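In this text, all values refer to a predicted model and were calculated from it rather than measured experimentally.
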Protein chains: 2
Amino acid sequence: MADDARRPFSRRDVLLTATGAAAALAAARPGSAQPPAAAAGSMMGVPFERRDKVRFALVGCGGRGRSLLRDLLGVPGVEVVAVCDVLPDKAARAQDAVEKAGQKRPEAYTKGERHYEELCRRGDLDLVYVATPWRWHVPMAVAAMEGGTHVGVEVPAAVTLEECWQLVDVSEKTRRHCVLLENCCYGWSEMLVLNLVRAGMLGELTHAECAYIHDLRGMELFKTEGEGLWRRAEHVSRNGNLYPTHGLGPVAQYLDIHRGDRFERLVSMSSPSLGLQSYRDRTLAPDDPRRRETYACGDMNTSLIRTARGRTVMLQHDVVSPRPYSRINMVSGTKGTFADYPPRIFFDGQKEEEWEEIHRHEGRKKDGVEDRFEHPLWKRLEKEAETSGHGGMDYVLSWRLVQCLREGLPPDIDVYDAAAWSAPAALSEQSVALGSVPVAFPDFTRGAWAKTRT
Amino acid sequence: MADDARRPFSRRDVLLTATGAAAALAAARPGSAQPPAAAAGSMMGVPFERRDKVRFALVGCGGRGRSLLRDLLGVPGVEVVAVCDVLPDKAARAQDAVEKAGQKRPEAYTKGERHYEELCRRGDLDLVYVATPWRWHVPMAVAAMEGGTHVGVEVPAAVTLEECWQLVDVSEKTRRHCVLLENCCYGWSEMLVLNLVRAGMLGELTHAECAYIHDLRGMELFKTEGEGLWRRAEHVSRNGNLYPTHGLGPVAQYLDIHRGDRFERLVSMSSPSLGLQSYRDRTLAPDDPRRRETYACGDMNTSLIRTARGRTVMLQHDVVSPRPYSRINMVSGTKGTFADYPPRIFFDGQKEEEWEEIHRHEGRKKDGVEDRFEHPLWKRLEKEAETSGHGGMDYVLSWRLVQCLREGLPPDIDVYDAAAWSAPAALSEQSVALGSVPVAFPDFTRGAWAKTRT
């Protein structure tokens, strides 16, 4: 072992940063630069004003918006007063649906891409849903809150960190809630796991995994309408986890994020970008202009998040590989582990070293985990949810939000959750661009995360 | 948005490093400091000398060693000439097994913990297996190679990076092979996947996942004999992925690591350390001295590895949580995805968005993937492997290594693989200790990885 100066390794030899990143790596300790307190106080735990009827408007009447509208028309106490879309035809279809449900035909706002601002200034709204392309979420949510109404925003709430902070600032200033419409938090499995976790059945939690793995190549990204018009462009310009909330939202709830813990740092790595190019080379006509596009986004992005209490989350994004759908939805603790796709559980001390599958419908076991821990909301809404989108979770989401508004409860998912669950998109882009360096997770709650709540 | 100097975020604000790590973060580009060429030339692709008989010795006659010995006694052309253990009783059991198999009683080396050195100096050996506690692997492998014999080392080959380099240096200097006894590379599923990948069935690969998830709390870590005597100590002093090779070996083969690609950087994150403490608090007597131990190792370690060609590997380690066993063993490309536990596959263009399960025994489909891509070695050895350890993979491993020695082929797994598959243990410890910074993966091949080989 006499030969060279290479060994023993100094830390200097082993540590890597991407070219040019070294100067940017400050020695700041996580949390050393606490953001200032909100000018107007936190919105955390602030209840809605109680009301009997919820006067509702829909901004964005595409496929997603109209699906949300159908659910809301089945929720007691909702009065749809206005709809908005740049395409008059889509707004008209939404108006028709409202009339067909026995309500007065709502007013339509269809005069160009700024007409939503007039809708937001009506002054008679309790709740607006925003179901538009990602880049419009924040301007529309801000206009709604500044117009005096609470707002529900489709996922992700925001694209950049600046946008995340903007939502927090405006919510605190206007005292209006900005709720993320994260339907997956209301999934049958996810609510069952939340119940299991809160009952202590998995012991002290240490690790969770989640994802958005959904082959969208043909379904969305190369369509010549709807999301096909804008969503592929995100893959041209960005490289990271573009769509983190479906996986991360439920997991954040299991881990009591903003209820005694918070996301503190993130590292991220992307695989090569091959899926979209390979797909379009095989399927598009030789003269299709989309053949000249270049895609920046790696096929699989894997991010690791560490919380203030040291728990870890593995978060993935892949919408361009040939794979069956999965949000993983796994959580592990000192007494057991749950994992989804298919839903299954393992408890410490079990005789057989095998997962026990959990069944919502067929195969459901009497007195099994599914019976004992099914969430009360699902027991109550199973029937109404049956015909709703995404296995019923969409209906439960809207039913529950309307319930919070009518009964004067705080929302389940507030602006801090909306910001923290959306932020991994921008944070992963930064980490990937700099060679997988760790990046600090902003504390959108300005310190209020440490309070435990039930 | 008027309020403060916090926004917009500079990169300096967002980037994090653990306290004290900043000074160590050099701006070195990956690969800028190429290690010097080997004094005596690479051992990559170097064939064994052809021989009829393989004169074999076993160092370490515990449970693992004797299981390997049983397999070797069933492989044609192997003559067991010596065994070694610090416990004479264990060596005697190994001697008995050899005699019972109809061979001459091998010589035993049992005089203290350095007696293996004498065994290695015999001068009449072709192959030594090292199946001892981790900290003894390198000194014993080095003694074997310096004594003129090829060596097969149990996993992990080495604990530190310095040890990894030592194996490489000694193998190159002595012109003896150091083969990692990574049995999982010879698993039925793993070899089938290798076959699928090499046939191009998954397209161009982008991402892989692997793990060692195995609840060892009761089985190994708290036993009062065997691995219980030393393995728990690794969890007291280290925090990272202590046991990477079972997952990473097969995946490295799918990705052509050291056959046109190499591992280039790694980031790692550990969850809190709760599992061992929680287990021993519930199961050990109040006055048991092990109750005073403190465990450094996080229950779940997740590491991300990026290759020179940009592919990504997610690598996990959890041996203390209540979960069923898994090595994940997943690989994804532009044309399909394979995942294990249970083994299943998805090909691009399939009608149903569902995995197709692959069956080795019951449920096996004629002309299915299992029939068309089962590895020829398995077709040939199925019967002999049946009674062997770990579902037969142990027998296939030893049979194949002996075949390479007898037919004068290069080994499937060489010293560079042994070093690169073992190195994530030390690299993950470094990354975790410094707050999940990226660390450079040493190029143990000194540049020879870039050559493609079949």
Side-chain angles (χ1 to χ4, degrees), chain A residues 1 4 6-9 11-12 14-17 19 22 24-27 29-30 35-36 161-162 165-166 169 204 206-207 265 267 269 271-272 274-275 278 299-300 302 304 306 310-312 314 321-325 332 334-337 346-348 353-355 430 435-440, chain B residues 1 4 6-9 11-12 14-17 19 22 24-30 35-36 161-162 165-166 204 206-207 265 267 269 271-272 274-275 278 299-300 302 304 306 310-312 314 321-325 332 334-337 346-348 353-355 430 435-440:
Chain A
M1 289 310 302
D4 61 60
R6 194 182 67 239
R7 288 155 274 172
F9 293 89
R11 288 191 160 169
R12 189 178 172 87
V14 170
L15 296 169
L16 260 201
T17 69
T19 318
L25 284 155
R29 290 192 62 167
L161 293 180
E162 291 80 357
W165 276 112
Q166 201 184 347
D169 285 342
E204 204 168 331
T206 51
H207 177 73
R265 68 177 62 185
V267 294
M269 196 177 275
S271 79
L274 296 174
S278 156
D299 292 0
M300 170 60 89
T302 308
L304 307 178
R306 192 174 153 90
R311 280 96 64 87
T312 50
M314 198 276 291
S321 294
R323 293 181 62 176
Y325 184 96
S332 186
T334 51
K335 291 189 183 166
T337 300
F346 184 88
F347 291 119
D348 197 15
E353 197 199 325
E354 272 173 27
W355 292 106
Q430 292 179 343
S436 303
V437 296
V439 294
Chain B
M1 292 306 303
D4 61 59
R6 193 182 66 240
R7 289 155 272 171
F9 292 88
R11 288 190 160 173
R12 191 178 169 86
V14 171
L15 296 170
L16 258 203
T17 68
T19 320
L25 284 155
R29 291 192 62 169
L161 293 180
E162 291 79 357
W165 276 113
Q166 200 184 349
E204 204 168 330
T206 50
H207 177 73
R265 70 178 62 186
V267 294
M269 196 177 274
S271 79
L274 295 174
S278 157
D299 292 359
M300 169 61 88
T302 308
L304 307 177
R306 192 174 153 89
R311 281 97 62 86
T312 50
M314 198 275 291
S321 294
R323 293 181 63 176
Y325 184 96
S332 185
T334 53
K335 291 189 181 166
T337 300
F346 183 89
F347 290 119
D348 198 15
E353 198 200 325
E354 272 171 28
W355 293 106
Q430 292 179 343
S436 303
V437 296
V439 293

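The NE2 atom of H207(B) lies 10.5 Å from the CE atom of M269(A); values are rounded to the nearest 0.5 Å. Rounding to the nearest 0.5 Å places CZ of R306(A) at 11.5 Å from OG1 of T302(B).
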Are V437(B) and V437(A) close enough, and set up right, to give a side chain to side chain contact (heavy atoms under 4.5 Å, CB included), and what steps lead you there?
CA-CA 6 Å; V437(B) 296; V437(A) 296; over 6 Å; no
Note to self: Apply side chain to side chain contact (heavy atoms under 4.5 Å, CB included) to residues S332(A) and R323(B) and explain how you reach the verdict.
What the structure shows: CA-CA 8 Å; S332(A) 186; R323(B) 293 181 63 176; 3.9 Å; yes
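With a 4.5 angstrom heavy-atom cutoff, D348(B) touches chain A via backbone and side-chain atoms both. Residue E353(B) touches chain A through both its backbone and its side chain, counting heavy-atom pairs closer than 4.5 Å. Both the backbone and the side chain of T206(B) have a heavy atom closer than 4.5 Å to some heavy atom of chain A.
Between P272(A) and G310(B) the shortest heavy-atom distance is CD-O, 3.0 Å. Contact detail for E354(A) and P324(B): the closest heavy-atom pair is C-CG, 4.0 Å.
S436(A) has its side chain out of reach of S436(B): every pair of non-hydrogen atoms, C-beta onward, lies at least 4.5 Å apart.
Listed by chain and residue number, T334(A), L274(B) satisfy the side-chain contact (heavy atoms from CB on, under 4.5 Å) test with E204(A) (two or more places apart in sequence, or in another chain).
Between the side chain of T337(A) and the main chain of P322(B), a donor-acceptor pair closer than 3.5 Å is present.
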